[in-house]
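Heads up: the structure comes next, in structure tokens.
Here, residue 1 is the first one in the sequence, and each next residue gets the next number.
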Amino acid sequence: MAVTTNRTARLTFTTTGGNAFSLTVPQPRENIQLAEAMEVMNLLIAGGIFLTTNGTLTGVRDIKVIETTTDDLYDPPQG
């Protein structure tokens, strides 16, 4: 039984089709700043390396750092 905490950064873009496309980055740095996240997202948009089912990335829609805590109350016996 253990308590674990996980952090992810979810970068959400708009596409040429008008829909949202999200990338999830596991274990982002603790002190990540908005300007850094925006710079990375703008580089991804400018690079045009992602082609989604709804087109290419065209803009920044949302940036979230999500922290989840899991309290594992029961571990089944191994055997």
Side-chain angles (χ1 to χ4, degrees):
M1 297 192 291
V3 174
T4 57
T5 301
N6 292 309
R7 285 172 47 90
T8 58
R10 185 170 56 212
L11 311 176
T12 305
F13 301 84
T14 54
T15 66
T16 51
N19 292 359
F21 174 78
S22 294
L23 291 174
T24 301
V25 180
Q27 300 302 326
R29 201 176 70 234
E30 219 27 71
N31 60 348
I32 191 165
Q33 300 295 311
L34 173 61
E36 295 170 311
M38 291 291 291
E39 182 179 352
V40 167
M41 292 180 78
N42 286 323
L43 285 171
L44 292 173
I45 293 165
I49 60 172
F50 289 98
L51 176 59
T52 74
T53 56
N54 293 300
T56 58
L57 307 180
T58 59
V60 175
R61 185 171 188 166
D62 195 21
I63 305 169
K64 288 189 178 358
V65 175
I66 302 163
E67 191 168 299
T68 58
T69 301
T70 303
D71 190 356
D72 188 0
L73 297 177
Y74 176 74
D75 286 327
Q78 301 295 316

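- Going from atom CG of Leu23 over to atom CG of Leu11 covers 6.0 Å, rounded to the nearest 0.5 Å.
- Ile49 and Val60 end up in the same hydrophobic cluster when Ile, Leu, Val, Met, Phe, Trp and Tyr side chains are linked at under 4.5 Å.
- Taken to the nearest 0.5 Å, the CZ atom of Phe13 stands 15.0 Å off from the CG atom of Asn19.
- For the atom pair Asn6 CG and Thr4 OG1, the distance stands at 5.5 Å (nearest 0.5 Å).
- A donor-acceptor pair under 3.5 Å is absent between the side-chain atoms of Thr8 and the main chain of Thr24, judged by distance alone.
- Applying the side chain to side chain donor-acceptor pair (under 3.5 Å) test to residues at least two apart or on different chains, the pairs with a partner in residues 32-52 are Arg29-Glu36.
- Residues Ile66 and Met38 do not share a hydrophobic cluster, clusters being chains of Ile/Leu/Val/Met/Phe/Trp/Tyr side chains in contact below 4.5 Å.
- Listed here is the closest heavy atom pair of Pro28 and Val65: CG-CG1, 4.4 Å.
- A side-chain donor from one of Thr14 and Thr58 sits under 3.5 Å from a side-chain acceptor of the other.
- For the atom pair OG1 of Thr56 and CD1 of Ile45, the computed distance is 9.5 Å after rounding to the nearest 0.5 Å.
- Side chain of Thr15 to main chain of Gly55: no donor-acceptor pair is present (N/O by atom type, distance under 3.5 Å, no hydrogens or angles).
- Expressed to the nearest 0.5 Å, how far CG of Leu51 lies from CZ of Phe21 amounts to 9.5 Å.
- Val40 places none of its side-chain heavy atoms less than 4.5 Å from the side chain of Val25.
- In this structure, Ile63 is a member of the same hydrophobic cluster as Leu57, with clusters built from ILVMFWY side-chain heavy atoms closer than 4.5 Å.
- By the side chain to side chain contact (heavy atoms under 4.5 Å, CB included) test, Thr12 pairs with Arg10, Ala20, Ser22, Arg61, Asp62, sequence neighbours left out.
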